[in-house]
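A short write-up of the structure that comes next.
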Amino acid sequence: MIVETRELFFTNSALKKALAWYQKAPNQTDLPLGVVTTVTPTSDGGLSVQIQQSGASRSREVVFTPSKTLALLLLFCRRQKVPIPRDAGKEIEAADDGLILIVRGETQTSAPPP
């Protein structure tokens, strides 16, 4: 068996761009339209997002669970044409100034026929 492990580091600015793509996704109701002012990774791999909506005096906090954050990152990778195998295992870890997406794929090996 061959095991491939990739770590994709998403900086804070990349997370803001990913959220901008997610805001434009059809039928999503998790993230209201507005300016993303702050993105803070949580220790469990989720995100805390501050949104400033037009006409509002205060910003609004939206919290993404780790599974929603993973969906957000995979959508962003698809839009940026970063290949992620569908059947690979995926994990998210918080980093100092962003998130790390760990992709682990396994390929079965075989020997030549006798």
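In this structure, a donor-acceptor pair under 3.5 Å is present between the side chains of Ser48 and Glu61.
Put simply, Leu74 and Val82 are part of the same group of oily side chains (I, L, V, M, F, W, Y) that touch within less than 4.5 Å, one to the next. Cluster annotation: Leu8 is connected to Trp21 through the hydrophobic network of ILVMFWY side chains, with a link wherever side-chain heavy atoms come within less than 4.5 Å. Side-chain heavy atoms closer than 4.5 Å link hydrophobic residues (I, L, V, M, F, W, Y) into clusters, and following such links, even through other members, never connects Val63 to Leu31.
With rounding to the nearest 0.5 Å, the separation of CD in Glu93 from CG in Asp44 is 12.0 Å. The NZ atom of Lys17 lies 8.0 Å from the CD atom of Gln80; values are rounded to the nearest 0.5 Å. The structure places CZ of Arg58 at 12.0 Å from CD of Gln53, a figure rounded to the nearest 0.5 Å. Atom CG of residue Leu72 and atom OG of residue Ser67 lie 11.5 Å apart, to the nearest 0.5 angstrom.
Using a 4.5 Å cut-off on side-chain heavy atoms (C-beta onward), Thr42 and Leu47 make no contact. By the 4.5 Å heavy-atom criterion applied to side chains, Ile51 and Val36 are counted as neighbours. Between Thr5 and Val103 there is no side-chain heavy-atom pair separated by less than 4.5 Å. Side-chain contact between Leu15 and Leu73 is present, with heavy atoms from C-beta onward closer than 4.5 Å. Between Val3 and Arg104, some side-chain heavy-atom pair lies under the 4.5 Å cut-off. Taking the side chain as every heavy atom from C-beta outward, Thr40 and Val49 never approach each other to under 4.5 Å.
Formation of a donor-acceptor pair under 3.5 Å by the Asn12 side chain with backbone atoms of Val39 is found in this model. In this structure a side-chain-to-backbone donor-acceptor pair under 3.5 Å is present from Lys90 to Ala88. Side-chain N or O atoms of Thr37 include one that pairs as donor or acceptor with a backbone N or O of Gln50 at under 3.5 Å. In this structure a side-chain-to-backbone donor-acceptor pair under 3.5 Å is present from Thr109 to Met1.
Every pair passing ring pair (Phe, Tyr, Trp, His ring centres under 6.0 Å) that includes a residue from residues 43-69 is listed here, sequence neighbours excluded: Tyr22-Phe64.
With sequence neighbours left out, Leu33 forms a side chain to side chain contact (heavy atoms under 4.5 Å, CB included) with Gln23.
Across all their heavy atoms, Val62 and Pro32 have their closest contact at CG2-CD, 3.9 Å. Closest approach of Gly45 to Ile92, counting heavy atoms only: O-CG2, 3.5 Å.
By the 4.5 Å side-chain criterion applied to Ile, Leu, Val, Met, Phe, Trp and Tyr, Ile102 is assigned to a cluster that also includes Phe9, Ile100.
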